[in-house]
Amino acid sequence: MPELPEVETVVRGLRTALPGRCIVSVRLGKTDFIDDPVTLGESLPGRRIAAVERIGKFIHLQLAPEASNGSTHSDAPSHLMVHLGMTGRLVVRAADEPAPPHTHVYFQLDDGRELRYTDIRRFGQMLLLRDAKIAELRERLGEDALTISADEFQRRLAGRRARIKALLLDQSVLRGVGNIYADESLWRARLHPARLAAKLKKEDIDRLRQAVQRVLGDAIRLRGSSISDFVDSNGQPGGYQRWHRVYAREDEPCYRCHAIIRRVIVAGRSSHFCPRCQPAPRTPGKPPAKRAARTRRTSSQKRFRRTR
DNA sequence: AGCTCTTCCTGAAAGC
DNA sequence: TGCTTTCAGGAAGAGC
C-alpha cells in the first residue's frame with residue numbers, strides 16, 4: 001500500500017521519464033476514480049509535462065501552459081493529481097508492451113511510450129486541478145512528514161486528545177504517513193499506538209518525530225515497502241518490507257526485547273506493537289483485557305505476500 | 001473533538 | 001473439491 005516512501009519512489013522514477021514529454025492521446029477504461037474523465041480525455045492531449053512532484057501521498061504532474069495557438073482556453077487545468085490508494089500503480093512502458101489487467105488509464109507519450117495507471121481495487125484517485133485548487137489542497141493536507149520541523153510537530157500534536165496513531169494517520173495533521181509507517185515509527189519511538197497525544201511528554205513527541213523521519217528516510221533508500229501490490233515506475237518492488245519491525249509480524253518476537261508482537265485495532269486500524277517496549281496507557285475506563293478482546297482473528301494476517 | 005461504522009473494490013485465504 | 005465469507009485498507013461522510 002503506497003505511503004510516502006512508495007510515492008516518493010514512484011515520483012523519482014517518473015522524473016527520469018516524464019518532464020519534457022508531450023501527451024499525445026489518452027485512453028480510458030473504468031473511470032469511477034477520476035473526478036472528471038471527460039475533461040481528462042479532452043484537455044490533456046497536446047499538453048507537455050513540465051514537472052513531477054510529491055504532495056503527501058499524491059503524485060503531482062505539472063503541465064506546461066498551453067501553447068498559444070488560437071484556441072487557447074487559459075483556464076485549462078494544469079495539475080494532474082494521482083493518488084495510488086491501496087493498489088494503484090503508475091508506470092511508464094513501451095506502448096506495444098501488453099498492459100496488465102485493471103489498467104484503466106493510458107497516456108500515450110511522444111517518445112513511443114505510455115504512462116499507465118493500473119489499480120485493482122480502484123481506491124485511487126485522479127484529479128485535474130487549476131492553480132488555485134493546488135494551494136487549497138496543500139493546505140488541507142498539512143505538513144509533509146519528511147520535512148516537518150520539531151516545533152511544528154509539537155504544535156500539531158500537543159494537547160490533542162486523540163490517540164497518537166489516529167493523528168499520525170490524519171493527513172490534515174501530517175501528510176504522507178500510512179498504517180505501515182505509523183506502526184514502525186511508534187515501535188521505534190517506544191510509544192503505544194493508543195497513547196493520547198495530550199498525555200505525551202515533549203521528549204516523547206520529539207522522539208516520535210525523529211522515528212518517523214528515520215523510518216521514512218530508510219524506506220525511501222530501499223525504494224519503499226512492497227506488501228501486496230506496490231511497484232515503482234519501472235515495475236520493480238521495494239525492499240523495506242524486509243526491515244519491518246512490527247508491521248505484519250503479529251505473534252513473532254520483538255527484535256528489541258523478544259516479547260511477542262501483538263495486533264489490536266486502534267483508530268479503526270490494525271495496529272502492531274510490542275507490549276513490552278511500547279507499554280499500554282493506563283486508561284481507567286478501558287482495562288487492557290477489554291482491548292485485548294477487540295483483537296481480530298490473526299491467521300489471515302499471514303496472507304500478505306512478502307516480496308522475497 | 002474524536003470515536004465508530006459504513007462505503008467504495010478486488011483477490012486471497014479461511015471456513016465449511 | 002468448491003462455494004461462501006471474511007478481510008485488508010486510504011479517505012470521506014454519517015451519526016453519536
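The structure presented is a predicted model; accordingly, all values stated were derived computationally and were not measured. Every chain is numbered from 1 and lettered A, B, ... according to where its sequence line falls, protein lines coming before strand lines.
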Q.
Here's one to test your reading of the geometry: is the NZ or CZ of A:Arg122 within 45 degrees of the ring axis of A:Phe33 and under 6.0 Å from its centre?
A. no
Q.
Starting from A:Phe58 and following side-chain heavy-atom contacts under 4.5 Å between hydrophobic residues (I, L, V, M, F, W, Y), which residues can be reached?
A. A:Ile55, A:Met81, A:Leu127, A:Leu129, A:Ile134, A:Leu137, A:Leu141
Q: Each residue besides A:Tyr106 in its hydrophobic cluster should be listed here, by chain and number; the cluster joins Ile, Leu, Val, Met, Phe, Trp and Tyr at side-chain heavy-atom distances under 4.5 Å.
A: none
**Q.** Whole angstrom value for the distance that separates C1' of B:dA1 from CG of A:Leu196
**A.** 12 Å
**Q.** Between C1' of C:dA12 and CG of A:Leu137, the distance in whole Å
**A.** 14 Å
Q. Can you pull the ring pair (Phe, Tyr, Trp, His ring centres under 6.0 Å) pairs that have at least one residue in residues 124-174 of chain A, sequence neighbours excluded?
A. none
(Q) I want to check one thing: is the phosphate of C:dA12, taken as OP1 and OP2, less than 4.0 Å away from some side-chain N or O of A:Arg140? (A) yes
Q) Tell me: CG of A:Asp183 to P of C:dG10, nearest whole Å? A) 10 Å
Q.
Does the Lys NZ or Arg CZ of A:Arg113 fall within the cation-pi geometry relative to A:Phe107 - under 6.0 Å from the ring centre and within 45° of the axis?
A. no
Q.
Between A:Arg89 and A:Ile120, is there a side-chain heavy-atom distance shorter than 4.5 Å?
A. no
For nucleotides 6-10 of chain B, tabulate all protein N/O to nucleotide N/O atom pairs closer than 3.5 Å, reporting atom names and distance.
unit_1: B:dC9; atom_1: O4'; unit_2: A:Arg121; atom_2: O; d: 3.3
unit_1: B:dT10; atom_1: OP1; unit_2: A:Arg122; atom_2: NH1; d: 3.0
unit_1: B:dT10; atom_1: O2; unit_2: A:Arg121; atom_2: NE; d: 3.2

Q: Would you mind reading off the distance between A:Glu3 atom CD and C:dG9 atom C1', rounded to a whole angstrom?
A: 10 Å
Q) Nearest-Å distance, CD1 (A:Ile265) to C1' (B:dT4)? A) 12 Å
Q: Kindly indicate whether the side chain of A:Arg21, heavy atoms from C-beta on, has any atom under 4.5 Å from the side chain of A:Asp111.
A: yes
Q) Just wondering, are more than 12 heavy atoms of other shown residues or ligands nearer than 6.0 Å to CD in A:Glu139? A) no
Q) Once you round it to whole Å, what is the distance between P of C:dG10 and CG of A:Asp119? A) 13 Å
Quick one: which protein N/O atoms are closer than 3.5 Å to N/O atoms of nucleotides 13-16 of chain C? Pair and distance per line, please.
none

Q) Between the side chains of A:Arg209 and A:Ser149, does any donor sit under 3.5 Å from an acceptor? A) no
(Q) Among residues 165-180 of chain A, which ones have heavy-atom contacts with DNA chain C below 4.0 Å? (A) A:Gln171, A:Asn179
Q: Mind checking A:Arg160 for me? I need base, sugar-phosphate or nothing, with any heavy atom below 4.0 Å counting as a touch.
A: sugar-phosphate
Q | Check: A:Trp187 and A:Gln278 side chains under 4.5 Å, non-hydrogen atoms | A | yes
Q. Between A:Tyr247 and C:dG9, is there a side-chain N or O to OP1/OP2 distance below 4.0 Å?
A. yes
Q.
Angle between ring planes, A:His79 versus A:His60, binned at 30° and 60°: parallel, tilted or perpendicular?
A. tilted
Q. To the nearest angstrom, how far is A:Met81 atom CE from C:dA11 atom C1'?
A. 14 Å
